[in-house]
Amino acid sequence: MKEYIARTERILFEGKAHFTERLMQNNETIVPRTEWLSQWFSLKNEVSSPRTYLSLWRSGQAPLSYMKSKYKVLAGVKTPKGPRNRELYTALKAPFPNPKLQYIWEELLDGGSTWPYLWLPPTRPYYPSHGIYNEKTVDNTKVRKGLVFSSWNFVPTLIAAELSNEISKGHSKGPKHALKEGTGLWARFWHPSPYLCNVIKHDFFSSRQGLSFDELMRSAIEVIKKDLDKRQWADTGRALSGWQALIHLDFEGKSSKIDKDLLSVITGTKSRFPLRESKNTPIVVSQKLSEYKSTSKNAYSKDLLSFLAKTALLSPSVCLLRALISSRTVGAAPSRDEIKMLMDFCGRHWKAFFNREGIAAVINSVKGKKKFPDRLEAYLQDGNIQAMLDEYTHHAAEPRKSGEKSPALNRFLVKLSLALGSRKSSLTVKKGHRQRARVATDRIKAFGQDEDQNDSRESLREAFNSPFWPFVLVTTSVGQEGLDFHLYCKEIFHWNLPSNPIQFEQREGRINRYSALWVREAVSKALPEKDHWGQDHWRGLFDEAKRLGDRFVRHGVGISPRWSYSKTEKGPKVRDVGYVRHVLAIPGSEESLRYQQMLSSLEQYRLTLGQSNQEQFLKRLKELNLKKMGYDAKGLMICLFPGEMGVHRTRLYKELKKPEDYESLCVDANKHLLSMEADAKKKIQPLVTRAIQQIRAGGKKEKEACTKALLYFIDPFDEIKDFTPGRGWDDDIEVFQKALMVKG
């Protein structure tokens, strides 16, 4: 069995689980303090049965300040008239330092150093970043997202409030409405220009990986200049301004008038984007657009070329349109309806996002620029905005179906609007009996605590599954089943352990799923930096990963490489990848012992899947002790492969086209022999050798039959599972015998 579980990746057998275990008791920064022990003893002396209260005290800083009246444990501490036991009440009410909070603060938030990050660094940036997004700075700061699970209902609110309060210390809220209205800002940031996406296509980035941003700028200027020359624009000193040029290139064409229908969307008089009503009204770009009549058309200057190139590379609206074209959510030539929808979205939501107080405060901290728009542009450059949006849209957006006008685009824009989250969210930090303070919880959210926050569960889920805030999501069993948090999170924190191993694995299944972040990182690390992947960058990456992966990956066992990715055979080895499990059990506690017991029970619990009475079945398995009986659990597990394996092998056969494809299959078959036990290997190796000879030198029919036999052989989930004790290879031998009898 695999050492971890997440549906279909159970059918991969790679020998090593893709996760790292980190225990709080092994962290050098969390050293037991004298005051923790003295507090423990004072609690122990105050109650006759200390277990519940000690567990409560360990579960969070000042727990009574965040608990609701429905908790029965409160009855032993206080009454409606006052404390029942003042010493105990004071101990559980005071803001006493908590080791678990300290661990998350240091391990996940790096002591507050993640404050200036508006989004996670892209897995595969297109050019070297500087400043906070520099590769070394990111590694040192450990910027990432974390999913925290607790069995106590009050803990999500406690963590969100206390850690948000720590982050806010020493940082201003930032200016309100930092980006005002204007045609210049509209063209620079909020206009999804079809012209700029068409002239600077997606493969402009993928074919120039490794170049600096300045080199990309020079290349973009050359490309735009050549295009304008083809359009017979003159190189003169008296050129159009940036917004005038984009109006001419995007709207006018051969006509002398601007498209009034599109203009109405830009100015906000005809909003088409179907979202809930919001105070953030669409951008109003003044009367200049409607009154504009150029007297110097078809002219450009050095400054105009620089403006168009920088806008093409850094405008969030242009980058979004380019990413949507790459993910096939919109066509290479977007329709009028799609462009209008994007114009309305960008004018509303991008602007509202960058004008939020917390966001604006981060942008305002950028050094070297005086004006806010210049600081924003520098931040977009440093954060590799195109690479970030390409990665997000590839995994969050859906390709447009044939005949579909815009539903796929509409669905994605609703997701993105929830991820950008324009509403304020705050909690009350309870510092003492009468001291309270409201803190913004943009970066750290309590999931499912609707009574405390303005965010719905759906908006929090979409935001956490994006590169944007929040970076920490804290939940109870509410987020344990049926919800995915894997697209941008690979670290899970068990604040305390659940009652049984199945719930434990349900928790970890939230971040270990199809196209999870850790799988993307493995694929990215395994492949060269400067390969050209064309317009659809991530699709090309995964196709290449499959070609270069090991035999399980190449032949799609376990729907690799999107569920799991092991080291490559032709490329560099993959190291330090996988999801990370943090167990926040205090050293010497009962929970630290229970964790080890839970791990030893996991394999037996997995074998009970699908049984009518799991508890009785589990009890019987423990009595039998399968390992002592010589049984391999792999042969007893349930195959949950999505679809018929025979159909899968037929598809794989059709993909074999080149001689090197057949040779790769032969190599994989020989490697598969190495994983077999000696007795089975002795029976089947001569058959494999003869089949390989037929493929390399036989006729058409012999080659076809033996190729299908080898595909059957390397499949561990054929008619009789290869891991079935005593007879797992009988069907493979029969298939080889039939194939070798075929004559051309």
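The figures that follow rest on heavy atoms only: side chains count, while hydrogens, waters and symmetry mates do not. Just so you know, residue 1 is the first one in the sequence shown, and it goes up from there.
- For the pair Y595/E21, a side-chain contact is recorded, criterion being any heavy-atom separation below 4.5 Å from C-beta on.
- The shortest non-hydrogen separation linking L413 to L320 is CD2-CD2, 4.5 Å.
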Practice problem: Mind running ring-ring contact (aromatic ring centres under 6.0 Å, His included) on F189 and F354 for me, showing each step along the way? | Solution: CA-CA 10 Å; F189 298 116; F354 290 114; 7.5 Å; no
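- Remark: D110 engages no residue in a salt bridge (charged side-chain N to carboxylate O under 4.0 Å, His left out) (not counting sequence neighbours).
- Of all non-hydrogen atoms in A361 and W115, the two that sit nearest each other are O-CH2, 3.8 Å.
- In this structure, the separation between CD on E391 and CG on L487 is 9.5 Å, given to the nearest 0.5 Å.
- Looking at heavy atoms from C-beta onward, V474 lies out of side-chain contact with W495 at the 4.5 angstrom threshold.
- Using bins of under 30°, 30° to 60° and over 60° for the plane-to-plane angle, the ring pair F345/W350 lands in the perpendicular bin.
- For T137 against I132, the heavy-atom pair with the smallest separation is CG2-O, 3.7 Å.
- Relative orientation of the F353 and F468 rings is perpendicular, given thresholds of 30° and 60° on the angle between their planes.
- Residue R124 comes nearest to S524 through the heavy atom pair NH1-O, 3.1 Å, listed as atom of the first residue, atom of the second, then distance.
- Closest approach of L147 to C489, counting heavy atoms only: N-SG, 3.7 Å.
- With rounding to the nearest 0.5 angstrom, the CG atom of L497 is 4.0 Å from the CD atom of E591.
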Quiz item: Would K142 and E106 satisfy salt bridge (Lys or Arg N to Asp or Glu O under 4.0 Å), going step by step from the backbone distance to the final call?
Solution: CA-CA 10 Å; K142 299 181 292 187; E106 297 292 341; over 6 Å; no
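- Here OG of S466 is found 10.0 Å from CG of L418. Values are rounded to the nearest 0.5 Å.
- Cation-pi check for R443 over Y117 is not met; the charged atom does not lie both under 6.0 angstrom from the ring centroid and within 45 degrees of its normal.
- The CZ atom of F504 sits 3.5 Å away from atom NE2 of H494, with the distance rounded to the nearest 0.5 Å.
- Across every non-hydrogen atom of K136 and N134, the tightest pair is N-OD1, 3.0 Å.
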